[in-house]
Amino acid sequence: MTATSIRLFQNEDTDKIVQLLNENAEHLQTKATTTIEEFNQFLDEPGEEIRENTFVGWNGDQVIAYQSLCFVRSDEYINVYSYGTVHHQHRRKGIGSLLLKNTLKYLNQRAAQEKKKIIYNQMVTVNQAGQNELAEKFGLEKNTDLYSYKWTKSNSAPKQPILPNGYHLLTPTHRDAKDWAMIDNEAFSWRKNKDGMNPENVIYEFNSLEFSPDYYILCRNEKNDPIGFVCGREEEPQHAVISTLAVRPSYQGQGIGKALLHEVIRRMAAHNIQQIRLSVDANNPTSAISLYEKSGFTMDNRIIHYYYEIDPMKEVL
């Protein structure tokens with residue numbers, strides 16, 4: 001058997017990575033397919049440095065794995081988020097260990113070069129064998145537990161949501177970026193290790209493939225104050241994800257979150273979406289989990305968010 005090698009991504013690798021993704025989707029019997037255009041747009045997401053920080057695992061002339069690192073910078077440190085997969089025929093053969101070892105070595109070098117702390121983030125699905133063991137083997141620390149919930153159209157779409165008098169829903173534009181960021185920061189201020197969202201992040205998102213004018217919904221009151229938002233996207237035929245539901249703490253308990261959630265479900269169902277997924281922090285102090293369960297969502301899986309800190313200044317000391 002030819003040994004697996006890891007190297008930096010080259011543009012000519014794109015076709016083989018897309019083939020890998022689609023073969024894995026077929027193996028899992030999903031209808032999701034990835035196009036070359038979609039993968040290139042993912043690599044070129046503005047401000048996230050993904051293309052130049054993507055690695056591929058080669059075995060012979062076949063790409064059997066890839067890992068993309070997304071850099072999100074702040075004044076104090078850099079958060080790095082990991083995306084990637086191993087071909088289903090090559091799993092449980094040490095490829096994941098090879099990728100993670102390469103990643104941590106690379107990030108140690110980057111932290112030393114930039115003289116800045118790097119926090120590496122990795123999401124692990126509990127029911128995928130070996131992932132928890134891999135994270136713990138390399139000393140990654142557990143940050144949060146996320147519950148993955150699923151809604152199916154057989155549950156029937158909710159009726160038109162009812163908002164308090166004077167409140168209204170609208171599709172956000174770039175002019176709403178500052179308010180959108182403020183809602184997110186206030187709603188999730190209880191999270192540890194959470195980077196603050198800024199208007200530039202929001203504009204990047206509104207310009208990305210993730211943005212959908214049907215599934216990005218902002219709520220304002222009669223004074224035009226920003227109150228809350230929900231956002232989601234279609235991820236494969238008849239499947240969608242709700243990415244975020246956020247309501248400012250001072251407006252919680254008034255049915256705003258329920259109205260936003262039910263409105264986006266109603267719109268998705270009208271577009272023939274058969275299944276919707278979302279994730280929620282197991283330690284969420286709000287009534288979000290109760291809201292999802294009362295709205296027909298059932299727990300489908302558990303995801304653990306691991307992190308690993310690389311501080312070059314501590315290494316010097």
Side-chain angles (χ1 to χ4, degrees), residues 1-30 32-36 38-40 42-43 45 48-71 78-111 118-143 146 148 235-236 279 301-310:
M1 179 178 175
T2 306
T4 300
S5 60
I6 306 295
R7 64 161 172 77
L8 272 169
F9 167 84
Q10 299 172 6
N11 290 335
E12 54 265 30
D13 298 329
T14 303
D15 290 3
K16 291 183 180 292
I17 294 176
V18 169
Q19 180 181 349
L20 182 162
L21 290 168
N22 290 332
E23 287 180 4
N24 275 359
E26 183 179 359
H27 173 72
L28 294 171
Q29 297 182 329
T30 71
T33 57
T34 302
T35 67
I36 291 174
E38 288 170 341
F39 190 72
N40 274 320
F42 159 73
L43 291 175
E45 194 69 32
E48 296 184 356
E49 308 172 38
I50 300 174
R51 184 179 291 272
E52 59 267 40
N53 293 296
T54 291
F55 295 86
V56 292
W58 278 83
N59 189 277
D61 63 351
Q62 181 187 10
V63 172
I64 61 170
Y66 86 96
Q67 185 170 37
S68 292
L69 303 176
C70 167
F71 280 58
I78 305 170
N79 256 316
V80 176
Y81 296 91
S82 172
Y83 302 91
T85 190
V86 176
H87 192 283
H88 64 88
Q89 293 179 343
H90 294 268
R91 291 178 180 170
R92 307 292 288 171
K93 296 180 180 179
I95 311 302
S97 291
L98 193 60
L99 279 170
L100 186 50
K101 181 179 180 180
N102 175 80
T103 294
L104 296 180
K105 179 180 178 182
Y106 175 73
L107 293 178
N108 269 284
Q109 293 170 348
R110 289 292 302 271
I118 289 179
I119 302 175
Y120 171 72
N121 299 270
Q122 182 165 302
M123 299 296 187
V124 168
T125 303
V126 171
N127 69 357
Q128 291 187 6
Q131 288 199 2
N132 276 317
E133 293 84 352
L134 180 63
E136 292 171 2
K137 173 184 174 181
F138 282 89
L140 275 63
E141 296 187 49
K142 187 183 293 186
N143 184 17
L146 299 173
S148 177
E235 54 182 359
E236 59 180 282
S279 297
N301 210 330
R302 179 172 158 233
I303 300 167
I304 298 178
H305 174 192
Y306 284 96
Y307 71 98
Y308 186 91
E309 290 194 9
I310 302 167

[X] side chain to [Y] backbone, donor-acceptor under 3.5 Å:
X    : Y    : value
K16  : W58  : no
N143 : E141 : no
Q62  : N59  : no
Q131 : T125 : yes
N24  : L21  : no

What heavy-atom pair brings [X] and [Y] nearest, and what distance separates the two atoms?
X   : Y   : result
I50 : S68 : CG2-CB, 3.7 Å
I36 : V18 : CA-CG2, 4.0 Å
A65 : L99 : CB-CD1, 3.8 Å
L8  : E52 : CD2-O, 3.8 Å

Y106 meets the side chain to side chain donor-acceptor pair (under 3.5 Å) criterion, sequence neighbours left out, with N53, R110

Distance, nearest 0.5 Å, that separates [atom1] of [X] from [atom2] of [Y]:
X    : Y    : atom1 : atom2 : answer
I304 : N132 : CD1   : CG    : 4.5 Å
H305 : Q122 : NE2   : CD    : 9.5 Å
T103 : L98  : OG1   : CG    : 9.5 Å
N102 : I6   : CG    : CD1   : 6.0 Å
N40  : T14  : CG    : OG1   : 5.0 Å

What is the ring orientation for H88 with H27, classed by angle as parallel under 30°, tilted 30 to 60°, or perpendicular over 60°?
-> parallel

Kindly assign one of parallel, tilted or perpendicular to the pair F42 and F39, based on the angle between their ring planes and the thresholds 30° and 60°.
-> tilted

More than 12 heavy atoms of other groups within 6.0 Å of E23 CD | yes

Any chance the rings of F138 and Y306 have centres within less than 6.0 Å?
-> no

